[in-house]
Amino acid sequence: MALSLRQLEIFEKIATTGSVTQAGEELLLTQSAVSMALSQLEQLSATPLFERTGRRLLLNDSGRLLLKEAREILLAVRRVEIQLRGDRDQEMVGELLVGGSTTIGNYLLPALLGNFAKRYPKTRVELQVGNTQQIALWLEAGDLDIAFVEGPCHSRGLVSSHWRDDELVVVTGPEHPWVKGKVVTPASLASAPWIMREKGSGTREIFEDAMEKAGISYAISLEFGHTEAIKNGVASGLGVSCLSRIAVHRELEYGLLVEVASPLMLKRSLSLLKRRDSSCSALLAAFLEVSGGRWSAI
């Protein structure tokens with residue numbers, strides 16, 4: 001019995017959904033047809049490809065190895081099909097699930113998604129925004145196709161690459177006493193009432209790391225789950241904060257917030273994340289081209 005592309009396609013869909021029934025629904029096949037294709041594929045394998053847990057099918061080590069190869073084969077076949085169609089079908093279609101940590105998702109990705117939609121009007125991109133930790137969990141669980149984050153990635157199931165650079169800045173309201181000084185001292189930073197994002201935020205992690213490296217103890221007096229709330233709190237004189245320059249450039253330009261110099265090292269790298277075993281579809285490759293990301297670098 002020879003291996004077929006259809007068997008690989010069905011295997012990839014079962015691996016993605018964890019269910020024969022759901023795989024059949026998405027491929028418009030009967031459950032028996034999907035089960036038969038899986039049975040035939042496993043007859044070709046020296047070992048089982050899945051562990052059966054109730055109605056769920058979980059990939060084992062042999063299955064994960066095959067999944068990587070199967071996705072590369074299917075992607076190559078899709079590329080050949082696109083090339084063969086030539087000028088008859090150049091329009092990109094499909095849906096992408098993109099994740100962005102708060103700063104990136106609110107201030108950078110909307111414009112990129114708009115540019116992508118103009119270039120490929122028959123596509124759809126759904127953007128999910130959360131803190132870096134949440135985005136990494138969603139990506140690893142398969143709820144996202146790709147993600148952009150500002151914090152370090154601590155997941156072994158994900159791979160990251162540099163996307164672009166960013167800088168955090170210490171900001172106050174325009175009436176704050178720090179505005180009169182040229183540089184804020186470590187003692188002033190230690191005694192300040194800080195307004196920061198929640199745990200799991202990439203911005204907060206960079207700030208905490210910078211304070212630790214500078215040997216400065218500090219206290220967070222207010223914790224907000226959104227950057228806009230922090231900016232309003234700082235502008236109202238409730239405290240000071242450390243935020244991405246991307247997020248506060250308009251407030252700095254109009255004088256609603258004031259950047260103050262500090263001894264902190266606040267440069268950071270924004271990252272592109274993917275699952276370790278994932279492959280790059282033609283649609284995803286087109287999106288990365290617009291966004292400036294490079295799959296080959298991950």
Side-chain angles (χ1 to χ4, degrees), residues 9-27 34 50-51 53-60 63-64 67-68 70-72 74-75 78 92-110 112-114 116-117 120 123-161 163 197-203 205 225-227 270-288 290-291 293 295 298:
E9 184 181 19
I10 291 172
F11 165 73
E12 193 274 339
K13 188 61 68 175
I14 295 173
T16 301
T17 63
S19 165
V20 168
T21 301
Q22 189 173 343
E25 291 174 353
E26 294 189 13
L27 292 171
V34 174
F50 294 92
E51 294 180 5
T53 306
R55 294 184 178 181
R56 296 287 295 174
L57 293 175
L58 303 177
L59 283 173
N60 57 23
R64 287 192 296 272
L67 179 61
K68 180 180 178 181
R71 282 176 169 164
E72 290 179 356
L74 292 172
L75 178 59
R78 292 185 190 114
M92 191 74 67
V93 296
E95 179 183 65
L96 282 178
L97 303 176
V98 177
S101 54
T102 306
T103 299
I104 296 173
N106 286 319
Y107 303 103
L108 290 178
L109 287 182
L112 294 176
L113 266 57
F116 184 75
Y120 303 105
T123 64
R124 179 177 180 272
V125 180
E126 181 178 323
L127 174 62
Q128 295 289 334
V129 180
N131 65 41
T132 296
Q133 190 175 65
Q134 290 169 332
I135 292 297
L137 289 173
W138 295 339
L139 178 61
E140 193 166 17
D143 297 325
L144 299 171
D145 296 313
I146 199 76
F148 300 83
V149 297
E150 63 244 30
C153 176
H154 304 293
S155 171
R156 294 184 178 179
L158 303 178
V159 184
S160 68
S161 72
W163 179 44
R197 289 278 310 284
E198 76 286 352
K199 286 285 188 181
S201 156
T203 297
E205 186 169 349
H226 201 285
T227 303
L270 305 182
S271 301
L272 172 63
L273 297 183
K274 73 163 190 169
R275 285 184 297 279
R276 191 172 293 277
D277 62 349
S278 62
S279 58
C280 185
S281 67
L283 180 59
L284 184 52
F287 177 76
L288 290 176
V290 172
S291 66
W295 188 268
I298 311 181

Please report the interatomic distance [atom1]([X]) to [atom2]([Y]), rounded to the nearest 0.5 Å.
X	Y	atom1	atom2	value
Leu74	Phe11	CG	CZ	10.0 Å
Thr132	Glu150	OG1	CD	4.5 Å
Ile104	Leu270	CD1	CG	4.5 Å
Leu27	Ile10	CG	CD1	6.5 Å
Asn106	Ser101	CG	OG	9.5 Å
Leu109	Gln128	CG	CD	12.0 Å

Taking the side chain as everything from C-beta on, heavy atoms only, tell me whether [X] gets closer than 4.5 Å to [Y].
X	Y	result
Leu283	Asp145	no
Leu97	Asp143	no
Leu158	Arg276	no
Ile146	Leu96	no
Val98	Phe148	yes

Side-chain donor/acceptor of Glu140 to backbone N/O of Leu137, under 3.5 Å:
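No; zero donor-acceptor contacts below 3.5 Å.
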
Thr227 backbone acceptor or donor facing Arg197 side chain under 3.5 Å
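Not a single qualifying donor-acceptor pair exists.
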
Using the rule given for side-chain contact (heavy atoms from CB on, under 4.5 Å), can you reason through Thr203 versus Thr102, listing the C-alpha separation, both sets of side-chain angles and the distance that settles it, and then say yes or no?
CA-CA 9 Å; Thr203 297; Thr102 306; over 6 Å; no

Sort out for me which residue in Leu59, Leu58, Val20, Asn60 forms a side-chain contact (heavy atoms from CB on, under 4.5 Å) with Phe50.
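Exactly one option meets the side-chain contact (heavy atoms from CB on, under 4.5 Å) with Phe50, and it is Leu59.
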
Please report the closest heavy-atom contact between [X] and [Y], naming both atoms and the distance.
X	Y	result
Val34	Gly24	CG2-CA, 3.6 Å
Pro110	Gly105	CD-O, 3.2 Å
Leu139	Leu144	CD1-O, 3.4 Å
Ala23	Ile14	CB-CG1, 3.7 Å
Ala15	Leu67	CB-CD1, 3.9 Å

With sequence neighbours left out, what residues match Phe116 under ring-ring contact (aromatic ring centres under 6.0 Å, His included)?
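Only Tyr120, Phe287 meet the ring-ring contact (aromatic ring centres under 6.0 Å, His included) criterion with Phe116.
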
Could you give all pairs that pass the side chain to side chain donor-acceptor pair (under 3.5 Å) test and reach residues 9-21, with sequence neighbours left out?
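For residues 9-21, and leaving out neighbouring residues, the side chain to side chain donor-acceptor pair (under 3.5 Å) pairs sorted by first residue read Arg6-Glu9, Glu12-Thr16, Glu12-Arg71, Lys13-Glu26, Thr16-Arg71, Thr21-Gln31.
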
